[in-house]
Amino acid sequence: MLVDMGFSVEMIARAIEENGPNAETSVIIDTISNYSKHCEASSSKSKTIDHFLAMGFDEEKVIKAIHEHGEENTEQIADSLVSCAVVSCAAEELPKVKEEDDIDWSDSDNEINYSDFLSSDDEKHLDSSLGNSSQVLDLVKMGYSKLEASLALERCGENVSTADLVDFICAAQIAREAPEFHADPEERKPRHDVKKRRIEPKREPRLSTDADEPVRLPNPMIGFGLPNEPGLITHRTLPDLARGPPYFYYENVALAPKGVWETISRHLYDVAPEFMDSKYLCAAARKRGYVHNLPISNRFQIQPPPKYTVQEAFPLTKKWWPKWDERTKLNCILTVTASAQLTNRVRNALEAHSGEPSEATKRYVMKECKTWNLVWVGKNKAAPLEPDEMETLLGFPKNHTRGGGMSRTERYKSLGNSFQVDTVAYHLSVLKPLFPNGINVLSLFTGIGGAEVALHRLQIPMKTVVSVEISAENRNILKDFWEQTNQTGVLIEFADVQELTTSRIVELMKRFGGFDLVIGGSPCNNLAGGNRVTRSGLHGEQSVLFYEYCRILEVVRETTARMRRS
DNA sequence: GAAAGAATGAATTGGCAT
DNA sequence: ATGCCAATTCATTCTTTC
């Protein structure tokens, strides 16, 4: 049940651990309440929560009870809470752990009956895992939290000794608490190795995020390094919890409000974000953070590599580009572009006087050029990019967003919200030797299919793509791409992440043999600097869907673990 | 009605002088 | 360390135009 809410045993265990065993569970509560607001899409739910909170019950338990009984059944909720409190007082919470585990996998709310596709092995697992509660009990007696213990059991499988479970828990603790423990040995060498990092002395990536320490954006923003450049970092050690399968790849804007990336990282198994500005791989800036558990050695670029400067990308502009416009890169491609009238205003300003424009005029023109990403397409004629030019810059085939019932304005919006394909492909390139026979992809917040285009251009066969995208026009674009590129794999499109219930995810995984990659960039609306109205952070109306990514990823991870065990 | 145009700052960071 | 300035930013909403 907690999994359905987006909060796995793992996440709760980690959150509790981070705040200390007896500390306030503010992180959990904050997350759960915010998530639940979104999930239920109604304020009545939070009113119900408030109601019971006012009675002095623990918020976590309240939310759980509401989910179990439905918010309208306040009496049952109350009963449940009272009996729950009694159990707690008895200091024997162990049975509840198993309860969570069972609920997790035999949720009767789901439309699909698990027994229909659970193999006999799976059932055996459920039974034997009940039998293993004595191990959990042992661990609890040794001072570990019940959640920690059940987590260890979950990840290590049923046929392991208690000593092994202890090892796992210790390893997980060390991995989380001591960043230097999993630093690359090469990078960890003491200072006599200075020559090696002379090139980028400041770019020492933190391999694990400390909750107390704010995330700092690297300067230059080049992630683990650029292709064909010195100073490449080719190895990192992930926190144990973060390891695949499945691989996951999460993206969002780098310049988010303070604290956002700390939260994102914490919810994605403490993997430190890789911040990269796409201006190092193409002719337009795009500062983004990527949280992923992919290997980072032997990355390669897709061919042909994109043009590096605006003038190379759009050769016709060279002729008209004034000397005093020193730009070689464009700024970030946004969701709105300048009007055609702006081109006229710029032209009028430039032609007000003959000869070299005044400094003031240059300043005005340059300001507009940088604000609106104008390029020179004629004498004194600075115009916004065409949609197909944006497609080129972002690594999509020309006319990728054409058709599908999209207006020009809508194309700009969809393109502004998209991946830079070359950047994503650079990161995903390590998958190519790993999946020669193809890959099963769960693509969330697909948009116009940046991930799919990247995989296609990498020539990694897509056996299955399950895609979730709210915009019907964007779904059409992906479908068209799928057909036009003669994909042999299966494409399944959903409109809403809410449709991906636990049962449906499990069903899909059983059908296709699991997912190898869970990829997506959740909505940035409430994080993006351009938003003057609702830049409300990760809990904003759209950006809160980040927690849906977490929820779905966690279901895939747990299902993957189960499938591999059986 | 649909599409395009115009108006609407703040948060954050880096650089640099103090 | 602190303060100032410049630069950048996956946007929203209302108005106008067709």
Side-chain angles (χ1 to χ4, degrees), chain A residues 202-203 214-221 250-262 264 273 275-279 282 284-290 325-327 329-346 363-364 366-374 383-387 390-391 393-396 401 405-421 423-424 444-451 469-471 473-474 520-538 540-543 545-546 549:
Chain A
K202 288 168 76 179
R203 182 192 40 72
V215 168
R216 273 187 70 82
L217 298 176
N219 185 17
M221 196 180 282
Y250 173 83
E251 177 261 12
N252 216 320
V253 289
L255 279 59
K258 275 183 176 170
V260 166
W261 277 108
E262 286 83 351
I264 290 173
F275 292 104
M276 186 171 282
D277 188 339
S278 294
K279 76 176 180 183
C282 73
R286 209 164 186 79
K287 299 178 185 65
R288 296 292 181 269
Y290 305 89
D325 183 351
E326 296 176 342
R327 292 176 301 156
K329 304 274 186 185
L330 293 175
N331 282 335
C332 186
I333 289 175
L334 305 176
T335 56
V336 283
T337 54
S339 65
Q341 278 84 333
L342 181 62
T343 299
N344 290 328
R345 291 200 288 271
V346 167
R363 268 200 306 277
Y364 162 73
M366 284 313 302
K367 184 178 176 301
E368 297 293 358
C369 282
K370 290 179 179 176
T371 302
W372 294 105
N373 260 342
L374 308 181
L385 292 172
E386 292 294 314
M390 288 189 182
E391 289 164 348
L393 280 175
L394 291 171
F396 291 90
T401 58
M406 258 194 180
S407 72
R408 183 186 172 85
T409 308
E410 288 172 320
R411 286 179 75 183
Y412 281 129
K413 184 172 181 182
S414 283
L415 284 162
N417 281 315
S418 170
F419 285 166
Q420 206 286 323
V421 170
T423 309
V424 172
L444 306 178
F445 315 107
T446 302
I448 58 175
E469 168 55 39
I470 195 74
S471 154
E473 291 79 13
N474 284 345
S522 65
C524 69
N525 307 36
N526 311 114
L527 311 178
N531 189 341
R532 294 148 144 90
V533 186
T534 51
R535 194 183 187 188
S536 45
L538 201 55
E541 187 182 352
Q542 289 85 27
S543 295
L545 290 174
F546 160 70
Y549 180 92

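Numbers restart at 1 for each chain; the letters A, B, ... are given by sequence-line order, proteins then strands.
The shortest distance between the side-chain N/O atoms of A:Asn531 and the OP1/OP2 oxygens of B:dA10 is not below 4.0 Å. Dashed line: the shortest gap from a side-chain N or O of A:Arg411 to OP1 or OP2 of B:dA4 is not under 4.0 Å. An OP1 or OP2 oxygen of C:dC10 is reached within less than 4.0 angstrom by no side-chain nitrogen or oxygen of A:Ser418. Between C:dC10 and A:Arg288, a contact under 4.0 Å exists linking OP1 or OP2 to a side-chain N or O.
Counting non-hydrogen atoms under 4.0 angstrom, A:Arg408 reaches the backbone sugars and phosphates but no base. Counting non-hydrogen atoms under 4.0 angstrom, A:Ser414 reaches nothing in the nucleic acid. Residue contacts shown for A:Cys332 are limited to sugar-phosphate atoms, with no base heavy atom under 4.0 Å away.
Nucleotide C:dT8 holds its P atom 14 Å from the CG atom of A:Asn219, rounded to whole Å. In this structure, A:Leu374 atom CG and B:dG5 atom C1' are separated by 15 Å, rounded to whole Å. The distance between atom CZ of A:Arg535 and atom C1' of B:dA11, rounded to the nearest whole Å, is 5 Å. Separating the CD1 atom of A:Ile448 from the P atom of C:dC10 is a distance of 16 Å, rounded to the nearest angstrom. A straight line from NZ of A:Lys287 to C1' of B:dT12 spans 12 Å, rounded to a whole angstrom. Distance A:Leu217 CG to B:dG14 P: 6 Å, rounded to the nearest Å. Note: CD (A:Glu410) to P (B:dA4) measures 9 Å, nearest angstrom. If you take CG of A:Asp277 and C1' of B:dG14, they are 14 Å apart, rounded to a whole angstrom.
In this structure, the side chain of A:Asn526 engages the main chain of A:Ser543 through a donor-acceptor pair within 3.5 Å. Within the 3.5 Å criterion, the main-chain N or O of A:Thr401 finds a donor-acceptor partner in the side chain of A:Glu391. Side-chain atoms of A:Glu262 come within 3.5 Å of backbone N or O of A:Val215 as a donor-acceptor pair.
The side-chain heavy atoms of A:Val260 and A:Val253, taken from C-beta on, include no pair separated by under 4.5 Å. In this structure the side chain of A:Thr337 reaches within 4.5 angstrom of the side chain of A:Met390, judged on heavy atoms. Between A:Ser522 and A:Leu444, the closest side-chain pair of non-hydrogen atoms is not below 4.5 Å. A heavy-atom distance below 4.5 Å is found between the side chains of A:Trp261 and A:Asn252. Taking the side chain as every heavy atom from C-beta outward, A:Thr343 and A:Pro384 approach each other to under 4.5 Å.
Among the nucleotides C:dT8, B:dG5, B:dT12, the one closest to the side chain of A:Lys258 is B:dT12. Checking C:dT12, C:dC10, C:dT9 against every side-chain atom of A:Gln542, the shortest atom distance belongs to C:dT12. Comparing atom distances between the A:Thr409 side chain and each of B:dA4, B:dG5, C:dC10 picks out B:dA4 as nearest. Closest to the side chain of A:Val336, from the set B:dA6, C:dC10, C:dT12, is C:dT12. Each of B:dG5, C:dT9, C:dC10 was ranked by its minimum atom distance to the side chain of A:Glu251; first place goes to C:dC10. In this structure, the nucleotide among B:dT12, B:dG14, B:dG9 sitting nearest to the side chain of A:Pro257 is B:dT12. In the set B:dT8, B:dA3, B:dG5, B:dA3 carries the atom at the smallest distance from any side-chain atom of A:Ser407.
Separating the C1' atom of C:dT9 from that of B:dG9 is a span of 12 Å, rounded to the nearest Å.
Between A:Gly529 and A:Val533, the one whose closest nucleotide on DNA chain C sits nearer the 5' end is A:Gly529. Two residues, A:Gly530 and A:Leu255, neighbour DNA chain B, and the one matched to the more 5' nucleotide by heavy-atom proximity is A:Gly530. Take the nearest nucleotide of DNA chain B for A:Gly405 and for A:Arg345: the residue whose nucleotide is more 5' is A:Gly405.
Between A:Tyr250 and A:Phe546, a ring centre-to-centre spacing shorter than 6.0 Å is recorded.
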**Request:** Any chance you could encode DNA chain B as dot-bracket? Rule is Watson-Crick or G-U wobble with both distances under 3.5 Å; [ ] for pairs crossing earlier ones, | for another strand.
**Result:** ||||||||.|||||||||

